[in-house]
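Every chain is numbered from 1 and lettered A, B, ... according to where its sequence line falls, protein lines coming before strand lines.
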Amino acid sequence: MRNAVTGPAFILIDHVTKRFGPIVAVDEASFSIGRGEFFSLLGPSGCGKTTLLRVLAGFETPTAGEIWIDGQPMATVPPYRRPTNMVFQSYAVFPHLSVRQNVAYGLRVERLPRAQSERRVEEALALVQLSGLADRRPNQLSGGQRQRVALARALIKRPKVLLLDEPLAALDKKLREEMQVELRQLQRSVGITFVFVTHDQEEALALSDRVAVMFDGRVAQIGSPREIYDRPASRTVGAFIGSMNFFPAAYRGRENGALVVDCAGLGKIAVPEGNRRGEGEPAAVAIRPERLRLTDRPPTGQAAVPVRLISSAFLGDRSHHLVGLEGAPQPIMVAAQSGEAPPAEDRPLWLVADPSAALLFSDD
Amino acid sequence: MIGRRGNPWLATYAVAAVVLLYAPIAILFLFSFNETHFMAFPLKGLTLEWYRRMSQNAGLFAALSNSLQVAAVASVAATMLGLLAAKAMTRYRFPGRAASIGLIMAPLVIPEIVLGTSLLAYLLAAGFKLSLATVTLGHILLCTPFSFAVLSSRLAGFDPSLEEASLDLGENRPATFLRVTMPLILPGIIASLLLCFLISFDEFLMAFFLAGTDQTLPVFMYSQLRFPKKLPEVLALGTCVILASIVLIVLAELLRRRGGAPAQQ
Ligand SMILES: Nc1ncnc2c1ncn2[C@@H]1O[C@H](COP(=O)(O)OP(=O)(O)O)[C@@H](O)[C@H]1O
Ligand SMILES: [Mg+2]
């Protein structure tokens with residue numbers, strides 16, 4: 001994956017808070033985004049992603065804090081003078097204009113010579129592969145095509161920042177995956193900074209250089225997709241990104257640079273110091289399903305505990321097995337490659353957990 | 001419908017209803033060309049005499065001009081009020097919203113005779129002199145609910161992010177209104193203007209109660225009925241009014257359809 005040019009902040013979000021009456025939609029958000037970065041805001045519905053994006057676009061005035069883009073303070077800049085353009089969640093394609101007129105809409109204020117503006121429109125249409133549909137009306141387009149119109153209409157303005165509010169959420173799965181690839185390629189070819197809002201963690205991981213995970217208006221973690229997945233900053237982030245098994249645990253002390261915990265179901269295990277997340281005393285052990293393994297032969301030389309199979313789900317490229325573990329409050333999910341033989345239902349099973357793949361969380 | 005055998009009585013009933021509803025209009029049309037002023041079959045012969053006389057009737061043209069003025073002012077005023085109300089009611093949710101809508105729509109259900117008399121009593125008590133202006137006020141009251149209904153249905157589907165998209169693409173608020181908002185609601189505005197114009201133009205009760213010495217066309221026509229010899233002239237005038245109304249209504253409906261839905265999200 002390409003590394004974004006970081007260095008001096010291109011977009012600076014400085015202690016931004018947005019309240020709607022008693023609701024705190026964005027709570028003290030403070031971070032920066034690099035030039036040319038594909039940056040995602042990820043979080044469950046209602047966590048304030050759209051609000052933060054609208055603050056960047058200038059549709060909402062922050063209750064407190066400031067936005068800087070490319071060294072310029074945005075506080076007094078109205079939406080129509082900002083170096084940002086937006087792809088709306090509803091696409092907001094103008095229904096009374098043709099595809100071509102929609103795409104050309106923002107060029108009027110740029111007062112270009114006619115030939116030049118026509119060339120820009122053709123380029124923008126070609127960029128999103130809509131050249132053949134230029135004279136259609138929006139009501140003659142599919143959802144995916146309307147989305148491309150919205151994209152071309154914003155990109156033709158050559159913004160410094162493109163803001164995208166869940167642009168793929170309304171598409172069906174197949175089209176969504178195609179558009180993900182296209183969006184990523186598009187972003188690389190135009191080199192514009194993308195701020196991309198989504199509630200779909202797979203999408204955020206697949207597309208982004210960096211992701212900000214938000215809960216209840218607050219930014220919980222910012223990092224590369226790999227950092228967010230492998231080293232979630234808190235229990236909430238770990239639970240939100242991918243699947244995670246949590247075991248209640250009690251801290252027992254330090255031993256050879258590892259932290260020893262008494263883990264419900266797994267017993268005493270020693271977890272490397274570096275796997276500890278947060279400051280407080282460890283209270284939970286977390287392991288991803290793909291870091292667990294099931295076996296029907298009692299393994300030697302490895303920590304293993306007997307479990308019983310509750311259910312299995314075949315997902316094509318992998319399978320998910322739910323197993324019950326004595327002492328653990330919830331069933332444990334184990335992911336297996338689809339090449340592996342399925343566990344036999346009537347034979348005793350053991351769960352093998354690698355303590356070096358476990359994370360320690362304090363209560364948050 | 002086609003190919004399905006319905007109840008034959010239902011068909012008879014439907015035909016009878018249509019005939020009963022429209023026969024008076026057909027008769028009006030027929031007798032406006034009849035050579036005598038007695039309304040009786042058989043027709044004596046065809047003539048355009050009544051139309052000629054009508055076109056020379058000064059009182060009629062004064063009344064027509066009054067009616068056009070009242071209808072023009074009332075339809076513009078009612079459409080502006082209806083637009084403001086519809087924009088508020090579709091865009092915002094606030095306490096008392098349902099009650100406000102009820103108040104705006106009330107003139108539709110209050111008997112016009114009650115509205116007319118109470119308005120008359122009120123205006124006189126408040127010291128107004130009856131004139132075309134008071135008629136216009138009454139008509140604005142009657143027309144606003146229609147305008148509100150037409151424009152709310154137009155604005156209900158209006159996605160506010162369309163206006164934001166325009167701002168985002170570099171157009172300021174006035175330009176956004178001209179390039180996005182206006183084109184999308186224009187068919188609704190025109191439909192409302194036409195509808196209000198027609199309602200005001202043929203309204204009788206308010207115009208009868210609230211007018212001073214100036215008559216509107218319906219009141220003038222009513223007054224002419226006292227003279228039997230004038231009857232065919234009134235019929236000719238009625239025919240003209242009906243034809244003009246049909247043209248306007250068809251126009252309004254065509255515009256409403258051509259506009260389609262304001263947004264198809
Ligand atoms: N215009 C508004 N008025 C009042 N509350 C709002 C408004 N916009 C958003 N909110 C509230 O702010 C919170 C965050 O909303 P939003 O930014 O849309 O979340 P997300 O896009 O992450 O789903 C929600 O609780 C929402 O109800
Ligand atoms: Mg949102």
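- For A:Arg82, no part lies near chain B; criterion is any non-hydrogen pair under 4.5 Å.
- More than 12 heavy atoms of other residues, nucleotides or ligands shown are found within 6.0 angstrom of CG on B:Asp202.
- B:Glu164 approaches A:Phe88 most closely through the heavy-atom pair OE1-CE2, 3.6 Å.
- Atom CZ of B:Arg93 sits in a crowded spot, with more than 12 heavy atoms from other residues, nucleotides or ligands closer than 6.0 Å.
- Annotation for A:Phe20: atom CZ counts as buried by contact number, over 12 foreign heavy atoms lying within 6.0 Å.
- Interface residue A:Tyr105: backbone and side-chain heavy atoms are both found under 4.5 Å from chain B.
- Here the shortest heavy-atom pairing between B:Leu169 and A:Val109 reads O-CG2, 4.1 Å.
- Side-chain atoms of A:Phe94 and B:Arg179, non-hydrogen and from C-beta on, never get closer than 4.5 Å to each other.
- With contacts defined as side-chain heavy-atom distances shorter than 4.5 Å, the pair A:Pro95/B:Leu162 qualifies.
- Taking chain B as the reference chain and counting heavy-atom pairs below 4.5 Å, the highest number among A:Arg81, A:Arg108, A:Lys157, A:Met86 is found for A:Arg108.
- Residue A:Arg19 qualifies as open at atom CZ: its count of foreign heavy atoms under 6.0 Å is 12 or below.
- B:Asp168 places no side-chain N or O within 3.5 Å of a backbone atom of A:Pro79 that could act as its donor or acceptor partner.
- Taking a 6.0 Å sphere around OH of B:Tyr92, one finds it holds 12 or fewer heavy atoms contributed by other residues, nucleotides or ligands.
- Applying the 6.0 Å contact sphere to CZ of B:Phe204 captures more than 12 heavy atoms from other residues, nucleotides or ligands.
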